[in-house]
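First the structure, in the form of structure tokens, and then the observations on it.
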Amino acid sequence: MTIRVIVVDDQAMVRAGFAALLSAQADIDVVGEAPDGRRGVEVSRSVHPDVVLMDVRMPEMDGLAAARELLNPPAGVVHLPKVLMLTTFDVDDYVYEALRAGASGFLLKDAPPADLIAAVRIVAAGEALLAPSVTRRLIADFAQRRPAPRRDPSLRLNGLTPRETEVLELIARGLSNQEIADRLVVAEQTVKTHIGRVLSKLDLRDRAQAVIFAYESGLVTPGDAPA
């Protein structure tokens, strides 16, 4: 199945470069471009892409506001694309807030071309782009320096089984499904089942929100590393 993508960035050469790179892939089709967040929302609602590559800093409407519009649409709008944030900086307030809003991850603009292609495929498949260590550092940094206001999220952990809590902790520490399976000595499909239950019980959209929840609930603290 072909992955439909739109590129939202205020720099025309960046848009053209990303579009050319992605269009060269047999399984990716760039179906639109936009120079700012407001136009990006309009294009997305018109062409219904699977993935939106969204720059963080843009005029008119920045990437964070646009991501919120796309992922929390008004009544009557049913299309929810995956949003992959693009940023020039390792640590950026907007990226953290975008993840909290439901974006599936972020990628540095100077990442190798192969990483961009892989990121689009990962996000389109429903996974969150959380493998790069820089992502874990960013989430840990903001969880430590400016945590979001809580509504006793730790209480919601009480609804998880001990194994589900363990799986959530390992997700937050950046382990992949296969790494979690190896750690717990279970099948990878079993891990996927546990993750599905965790997301359902905690009313979370994806792994990105699960990681943030784990930090904000106190299950994982900044600086933790897998044992």
Side-chain angles (χ1 to χ4, degrees), residues 2-12 14-19 22 28-89 91-109 111 116 119-130 135 138-139 142-143 146-151 153 199 202-213 215-216:
T2 302
I3 302 169
R4 295 167 56 83
V5 177
I6 68 171
V7 181
V8 184
D9 194 293
D10 61 329
Q11 299 180 48
V14 172
R15 292 199 310 273
F18 285 165
L22 294 173
I28 299 176
D29 186 14
V30 177
V31 295
E33 300 178 23
D36 60 67
R38 190 177 307 282
R39 181 62 182 146
V41 171
E42 294 172 355
V43 172
S44 178
R45 289 180 178 162
S46 173
V47 302
H48 294 177
D50 300 304
V51 177
V52 177
L53 285 181
M54 182 78 73
D55 187 24
V56 169
R57 303 188 181 199
M58 293 180 292
E60 298 295 328
M61 176 185 284
D62 64 34
L64 172 58
R68 283 176 174 156
E69 290 243 358
L70 290 174
L71 298 170
N72 299 279
V77 177
V78 297
H79 176 66
L80 288 177
K82 304 293 184 181
V83 177
L84 178 61
M85 306 301 296
L86 297 167
T87 179
T88 308
F89 307 99
V91 177
D92 193 309
D93 288 12
Y94 288 112
V95 176
Y96 178 76
E97 295 300 333
L99 290 174
R100 293 189 70 245
S104 294
F106 86 100
L107 192 69
L108 296 177
K109 282 188 173 182
L116 173 63
V120 168
R121 290 170 177 156
I122 288 169
V123 168
E127 294 291 334
L129 191 66
L130 292 172
T135 308
L138 177 135
I139 293 173
F142 279 99
R146 47 188 298 276
R150 297 185 180 186
R151 290 174 294 185
L199 297 180
L202 297 178
D203 192 26
L204 302 172
R205 189 180 314 229
D206 58 20
R207 293 172 78 107
Q209 291 195 330
V211 171
I212 292 169
F213 178 89
Y215 278 106
E216 293 182 344

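Reckoned from all heavy atoms, side chains included, excluding hydrogens, waters and symmetry mates.
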For residues [X] and [Y], determine if any side-chain heavy atom of one lies less than 4.5 Å from a side-chain heavy atom of the other.
X    : Y    : result
S104 : V83  : no
V8   : V52  : yes
M58  : P35  : no
P73  : L80  : yes
R4   : I28  : no
R121 : I3   : yes
F18  : L86  : yes
F213 : L202 : yes

If you take all heavy atoms of [X] and [Y], which pair is closest and at what distance?
X    : Y   : answer
A19  : V30 : O-CG2, 3.7 Å
L70  : P81 : O-CD, 4.2 Å
A103 : L71 : N-CD1, 3.3 Å

D55 bridged to K109 by N-O distance under 4.0 Å = yes

Working to the nearest 0.5 Å, report the span between [atom1] of [X] and [atom2] of [Y].
X    : Y    : atom1 : atom2 : result
M54  : L107 : CE    : CG    : 14.5 Å
L116 : L84  : CG    : CG    : 7.5 Å
L53  : I6   : CG    : CD1   : 8.5 Å
D203 : Q209 : CG    : CD    : 8.5 Å

Ring pair (Phe, Tyr, Trp, His ring centres under 6.0 Å) pairs touching residues 34-82, sequence neighbours excluded, are H48-H79

Practice item. Please confirm whether the backbone N or O of R38 pairs with a side-chain atom of D36, one donor and one acceptor, at under 3.5 Å? Key: yes

| said: Closer than 3.5 angstrom, by distance alone: can the side chain of R15 be matched with the main-chain N or O of D9 as a donor-acceptor pair? | reply: yes

Please walk me through it: do V120 and V5 pass side chain to side chain contact (heavy atoms under 4.5 Å, CB included)?
-> CA-CA 8 Å; V120 168; V5 177; 3.8 Å; yes

Tested for side chain to side chain contact (heavy atoms under 4.5 Å, CB included) against E69, the lone hit among V77, V41, L64 is V41

